[in-house]
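Data first, discussion second: the structure below is written as structure tokens.
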Amino acid sequence: MVKDLYQKSFSVLMKRPLRLWGITLLSSVLLVVVHIGFIGIPAVGFCALLLLEASMSMIYLNSYRTGLEPKTSYLLAAFRKDRIWRVLGGMAWMYLWIFLWFLIPVVGFVFAAIRAYEYRFVPYILMTRDDVKPTDALRVSREQTMGYKGKMFWADVIPVLLWIAVVLVLSLLGIIPYLGVLFRVILFLFNIVYSLFLNLFYGIQHAAFYAELQDAASRPAP
């Protein structure tokens, strides 16, 4: 399953890499503008962060499902008057519970990480399922991710392991006299490209899990 999702996610990313990167960058710029505009009121910046996260989740999901070029206006999808309070409440509720689990002494980090995977579908549920209450989105996400948290974890870890492997190899080759300069340049360029597009790949890959599991659940039983 992870292999197929990787292939599909990479295919989607390669169709619109610069467009997706540009929208992601714009999202960060908007967040900075909000923080500057409401300096001294961190709650406003936090709310903007939650809403932009939900909007970006839908941009990745739509890109994965349709393959169409995402529009900049999609960044404001979570800010719609009929949706903003629902999405904001659900996202805040999710992070509140993750934070509370994190406060458990010694093992809090582990429990918080597990809950983060269980609640990964919350943004999509809040944005697409009006029949689910914001506070119930956590339960629905927990049910839908049951049996898949391990796959989602390894899907997140593999790109990091790949990066470590490439960095180690290129770093060792960089020790070679004279020729090593070339490998150090390659390593530098690789790190730049990887850092620019890794988060995009993660965004599409996370959306891919949700899309595929939803499609599988909607298929009639044989």
Review point. Thr24 and Met56: side-chain contact (heavy atoms from CB on, under 4.5 Å), yes or no, with the steps?
Key: CA-CA 8 Å; Thr24 303; Met56 285 302 305; 3.5 Å; yes

Does [atom1] in [X] sit with more than 12 non-hydrogen atoms of other residues, nucleotides or ligands closer than 6.0 Å?
X	atom1	answer
Phe111	CZ	no
Tyr194	OH	yes
Tyr202	OH	yes

So, taking the atom named [atom1] in [X] and the one named [atom2] in [Y], what distance separates them when rounded to the nearest 0.5 Å?
X	Y	atom1	atom2	value
Arg19	Leu200	CZ	CG	13.0 Å
Leu196	Asn191	CG	CG	10.5 Å
Lys151	Phe209	NZ	CZ	8.0 Å
Ile125	Gln214	CD1	CD	7.0 Å
Glu118	Ser141	CD	OG	8.0 Å
Leu13	Tyr60	CG	OH	9.0 Å

I need the minimum non-hydrogen distance between [X] and [Y], along with the two atoms involved.
X	Y	result
Leu213	Gln144	CD1-O, 3.8 Å
Pro159	Phe201	CG-CE2, 4.2 Å
Leu187	Ser171	CD2-OG, 3.6 Å
Lys81	Ile84	O-CG2, 3.9 Å
Leu5	Glu212	CD2-CG, 3.2 Å
Leu20	Ile59	CD2-CG2, 4.1 Å

Under 3.5 Å donor-acceptor, [X] side chain and [Y] backbone:
X	Y	result
Arg83	Ala77	yes
Ser9	Tyr6	no
Ser11	Gln7	no
Ser27	Ile23	no

Can [Y] be reached from [X] by stepping across I, L, V, M, F, W or Y side chains whose heavy atoms are under 4.5 Å apart?
X	Y	value
Tyr95	Phe102	no
Leu189	Leu162	no
Met91	Leu96	yes
Ile104	Trp97	yes
Val107	Leu103	yes

Pairwise side-chain contact, [X] with [Y], heavy-atom cut-off 4.5 Å (strictly under):
X	Y	answer
Val87	Leu50	no
Arg120	Asp156	yes
Arg16	Leu68	no
Val140	Phe121	no
Arg65	Tyr210	yes

Exercise for review: Any chance you could lay out the side-chain contact (heavy atoms from CB on, under 4.5 Å) test for Ile204 and Lys8, step after step, and finish with the verdict?
Suggested key: CA-CA 9 Å; Ile204 297 171; Lys8 293 179 181 179; over 6 Å; no

Practice item. Please step through side-chain contact (heavy atoms from CB on, under 4.5 Å) for the pair Leu126 and Val122, ending with a clear verdict. Key: CA-CA 6 Å; Leu126 292 172; Val122 167; 3.6 Å; yes

Review point. Taking it one step at a time, do Leu52 and Val34 satisfy side-chain contact (heavy atoms from CB on, under 4.5 Å)?
Key: CA-CA 11 Å; Leu52 287 171; Val34 170; over 6 Å; no

